[in-house]
Colleague: 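One structure follows; several queries about it will come next.
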Amino acid sequence: MTEDGGRLARAIERAGETFARWRPSGDPTGSRDLVVRAGLVAIVALLTLALFPPSRVRDVPVVRSGTVAAEDVIAPVDFAVPRAQEDLERRREQAALTVPPVFSVVSSAADSALARFEAYLDRVAEAEVGPEAEAERLEPLNRVDGRGLGLRTTELRALGDPAVRRRLLAFAGEVFPDVYVGAWLVNAEAMANIASAQIAVQHPGGEEILVPRSEVIALRPGAEIPTLERRAPELEPDLRRLALQLLPGLLSPNLRPRAGLTVVRRAEARAEVDPIESEVLEGELIVGAHTRVTPQQERRVAALRSELERRRSGFSPEDLRVALGRLLLSASILLLFGFYLFTYRRDVFDDFRALTVVVVVWSLIVALGAFVDGVDAIPPFAAPIALASVLVAVLWDTRLSVAVTLFLVVYLASQGDLGFPLLWVGLFGGLAGGWSVRRIRRRTDFYESLLFIGVGHAVALGALALLRLWSWTDFGVAVGWGFLSAAVAVFIAMGLMPVLEWASGRTTDLTLLELADLNRPLLKRLLLEAPGTYHHSILVGNLAEAAAERIGANSLMARVGAYYHDIGKMERPEYFVENQRSGANPHNALTPRASARIVRRHVEDGVELANAAGLPEVVLDFIREHHGTTRLDYFWREEAERGRIEGRPSREFVYPGPSPRTKETAVVMLADSVEAASRVLHEPTPERFRETIRRIVETKLEQRQLDQADLTFRDLAALEDAFVSVLGGIHHHRIEYPTLALRSEEGEDAPEGPVSRIGRPSA
């Protein structure tokens, strides 16, 4: 490895060691972990500051033309109001059109015109036109430079006479110099492009004059040239019309357009148009409260916002103070939320994965709120606060969802322009969302949640509509936004739920519903390999579900945990009495210690099978805790009777545990023992069930198996009632149906004796 590569490797190693020192240590109250959690607060606060940058622009209300202003808008600074873009462009075009096109004087125009006329006469001479020339032959002579001269056939034939040509050439030589004196002649095409009332004429010496457009003559055959009109009577009558028609078409213009200079001057004229419509002074009233906003006032308010934004483009001490204030405000609310978690929800505060997921959800809502705040078309109350409420309620519970909703709406309402509407509507929608998913039993329940959130938004918006005197149309549009926000929250929650469930290590009711499917491979295998255990687990599930429902625990979790609590028995099903159908008991050939090891082993086997099947940790807790740390008394006593207990550790006769740490695992422990005990009762009655259940509960209490389960005596009494009710349904008495003699009244194949007893056998 090169020296540079070695330095890089050492730097990476040092960075890893630094991270290892500062990562969560598992002690949430230790200085290292508190610093990490404080870092999360700083990250979220800085992210919020980046998404909601401090700006005085936010103090300027948004007003729209045609609406009624709710408050006075007063200019806090001097600023200019720019013209509307359409108006500015129109004024610039008008200014450009007022610039006259520039032409320069051509001094040699008379000589050019005479030379051109001579060239034309030479063409006629070469054509040898005679008095009898046909019209088709004469047609080329009627065009010059692609333009028609408008001569008649007789006139073209007359040009074939050399005397006529000489007379016209002499006349042109005399007249052409006079034609250009005081006359402004341009090509017809250039004349068509002159839209202004004047043109600028530049003389060779640099002098420039303005000439009215009416004095400019467009050269075309037959055009009225004053000098020609005045001198034409000098010609013989036969040549007069020919000269007036032919000569104007062959004259050369004495004005040449300067298109480039014209474009430059018009661009300068456009640039000289003032883009400022008006000036507004500090303290001037822009819009009065309770007055209808005009388009001009709307432009003024927009100009004020732009001016304030421009003034804040730099970084000043004032900016630093506002930013620090925002940062402190955000951090304070986050610290209060953290204090709530530390005080009332240590399960979330202590679990760094769970805390990180809460931070991610919080940051997602802040980002969505910033998006809503940045789009004027979206009302502030459309920020999907309910998304956080639904996610937290499904991942944890409704109580935490309520707390997150309360802190989050206050946090977002303090940012940007979101304010009271978000606080009010978000609170209603968030609480409705958290309550609506408290019991998810199928994925379609999310659509019911959407309805609840939308209705919550509608109720809150109804109150706002009454307070602010909204019209029915405004209220309908607001409710539409409310339902759209609810839909966004629910559908994003459905998409994010699997990812956040994995990231937080939580097991939601949706996953439990999937695990409760009896067609899952592990449960089907349990049915085939240990059918007695399978049916025992189903009955325990029924008992546990009813009991958990009675005490307010998670009944679905209890039922799923009961389904899987004994899957370890699949490894050696014949060693458990519920699977011994032939009557042979393999424990008879084993020592009590060996039997205890086998029976005790089903807990560890169950954990291994559950890990291999990818079951979540919450289900593994049922496998580990359903026997707690109780002793296998039967084998213990049998070993004691053989005198082999003294001096030997009893660990082999105790389940590995731990004892139940939740209400659900404690309920399954009791349901497991109650179901097994109910099987050996003779003539089961509710009184005997109650006595057996009470004895089992007292035994577990004496063994201190329920110390960590947070069960009260009231809960234990409710569990007793629930167990008795379910066991009464399972072990109910069945009536004996009398023997019925079924005889055929007709037919030779009817049986002669009575048919055996029909009906279900007694349970």
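This is a predicted model, so every value here is computed, not measured.
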Colleague: Within the 4.5 Å heavy-atom criterion, are V599 and H587 side-chain neighbours or not?
Modeller: yes

Colleague: Once you measure the plane-to-plane angle for F491 and Y447, does it fall in the parallel (<30°), tilted (30-60°) or perpendicular (>60°) bin?
Modeller: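 Taking Y447 first and then F491, their aromatic rings stand perpendicular (interplane angle over 60°).
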
Colleague: Could you give me the CA-CA distance, side-chain angles and deciding distance for R506 and E501, then say whether salt bridge (charged side-chain N to carboxylate O under 4.0 Å, His left out) is met?
Modeller: CA-CA 5 Å; R506 303 288 299 178; E501 186 176 352; over 6 Å; no

Colleague: Given the rule in the side-chain contact (heavy atoms from CB on, under 4.5 Å) test, do L711 and I551 qualify, once you have shown the distances and angles that lead to the verdict?
Modeller: CA-CA 9 Å; L711 289 174; I551 66 173; 3.8 Å; yes

Colleague: Are L496 and L364 close enough, and set up right, to give a side-chain contact (heavy atoms from CB on, under 4.5 Å), and what steps lead you there?
Modeller: CA-CA 11 Å; L496 291 179; L364 174 62; 3.6 Å; yes

Colleague: Determine whether S673 and K700 satisfy the following criterion, side-chain contact (heavy atoms from CB on, under 4.5 Å), listing intermediate values before the conclusion.
Modeller: CA-CA 10 Å; S673 300; K700 300 300 183 185; 3.5 Å; yes

Colleague: Do D351 and R353 meet the salt-bridge criterion of a basic N to acidic O distance under 4.0 Å?
Modeller: no

Colleague: Look at R601 together with E608 and state whether they make a salt bridge at an N to O cut-off of under 4.0 Å.
Modeller: yes

Colleague: Do L518 and Y534 make a side-chain contact, defined as non-hydrogen atoms from C-beta onward lying under 4.5 Å apart?
Modeller: yes

Colleague: Determine, for R572 against D605, whether the closest basic-nitrogen to carboxylate-oxygen distance falls under 4.0 angstrom.
Modeller: yes

Colleague: How long is the span from the OG1 atom in T507 to the CE atom in M557, to the nearest 0.5 Å?
Modeller: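 Between T507 OG1 and M557 CE, I get 7.0 Å after rounding to 0.5 Å.
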
Colleague: Does K569 come within less than 4.0 Å of E578, counting only side-chain N to carboxylate O?
Modeller: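 Counted as a salt bridge, because a side-chain N and a carboxylate O are separated by less than 4.0 Å.
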
Colleague: Give every residue pair that meets the side-chain hydrogen bond (donor to acceptor under 3.5 Å, both in side chains) criterion with at least one member in residues 485-496, sequence neighbours excluded.
Modeller: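 side-chain hydrogen bond (donor to acceptor under 3.5 Å, both in side chains) check on residues 485-496 returns no pairs.
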
Colleague: Not counting sequence neighbours, list each pair that qualifies as a side-chain hydrogen bond (donor to acceptor under 3.5 Å, both in side chains) and has a residue in residues 515-524.
Modeller: none

Colleague: Does any part of the side chain of I385, heavy atoms only, come nearer than 4.5 Å to the side chain of L412, both counted from C-beta?
Modeller: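 Side chain of L412 against side chain of I385, heavy atoms only: contact under 4.5 Å found.
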
Colleague: Between D397 (side chain) and A393 (backbone), is there a donor-acceptor pair under 3.5 Å?
Modeller: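 Such a contact is absent between D397 side chain and A393 backbone.
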
Colleague: Are V366 and L47 side-chain neighbours, meaning at least one heavy-atom pair lies under 4.5 Å?
Modeller: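 Side chain of V366 against side chain of L47, heavy atoms only: no contact under 4.5 Å found.
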
Colleague: Can you see which heavy atom on D710 is nearest to which on K663, and at what distance?
Modeller: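 Minimum heavy-atom separation between D710 and K663: O-CE, 3.1 Å.
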
Colleague: List the steps and the verdict of side-chain contact (heavy atoms from CB on, under 4.5 Å) for S401 and W396.
Modeller: CA-CA 8 Å; S401 174; W396 285 278; over 6 Å; no

Colleague: Is the shortest heavy-atom distance from the side chain of I492 to the side chain of L391 under 4.5 Å?
Modeller: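 Not in contact.
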
Colleague: Within the structure provided, determine whether L706 and L716 are in side-chain contact (heavy-atom separation under 4.5 Å).
Modeller: yes

Colleague: With sequence neighbours excluded, what pairs up with R690 under the salt bridge (charged side-chain N to carboxylate O under 4.0 Å, His left out) test?
Modeller: E720, D721

Colleague: Can you find a pair of side-chain heavy atoms, one from V618 and one from V560, that are under 4.5 Å apart?
Modeller: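 V618 does not reach V560 side chain to side chain.
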
Colleague: Flag this pair as yes if the NZ/CZ of R637 is under 6.0 angstrom from the six-membered ring centre of Y634 and inside a 45 degree cone about the axis; otherwise no.
Modeller: no

Colleague: Distance alone, cut at 3.5 Å: any donor-acceptor contact between the side chains of E448 and S436?
Modeller: no

Colleague: Can you give each donor-acceptor pair under 3.5 Å made by side-chain atoms of residues 622-629, sequence neighbours left out, with the distance rounded to 0.1 Å?
Modeller:
from : atom 1 : to   : atom 2 : distance (Å)
R624 : NH1    : E617 : OE2    : 3.0
R624 : NH1    : D621 : OD1    : 3.1
R624 : NH2    : E617 : OE2    : 3.1
E625 : OE1    : R661 : N      : 3.1
E625 : OE1    : T665 : OG1    : 3.0
E625 : OE2    : R661 : NE     : 2.7
E625 : OE2    : R661 : NH2    : 2.7
H626 : ND1    : F622 : O      : 3.2
H626 : ND1    : I623 : O      : 2.9
H626 : NE2    : D566 : OD1    : 3.1
H626 : NE2    : H602 : NE2    : 3.4
T629 : OG1    : Q705 : NE2    : 2.9

Colleague: Residues two or more places apart in sequence or in another chain: which of them pass side chain to side chain donor-acceptor pair (under 3.5 Å) with T712?
Modeller: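 Side chain to side chain donor-acceptor pair (under 3.5 Å) list for T712, sorted by chain: D715.
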
Colleague: Hey, can you tell me if F337 and Y340 have their rings parallel, tilted or perpendicular (30° and 60° cut-offs)?
Modeller: parallel

Colleague: Just jot down the side chain to side chain donor-acceptor pair (under 3.5 Å) partners of E675, sequence neighbours excluded, or say none.
Modeller: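 Here the qualifying residues are H536, R679.
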
Colleague: Which pair of heavy atoms, one from A558 and one from V668, lies closest together, and at what distance?
Modeller: O-CG2, 3.5 Å

Colleague: Are any of the side-chain heavy atoms of L334 and F407 separated by less than 4.5 Å?
Modeller: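 Result no, sub-4.5 Å side-chain heavy-atom pair not found.
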
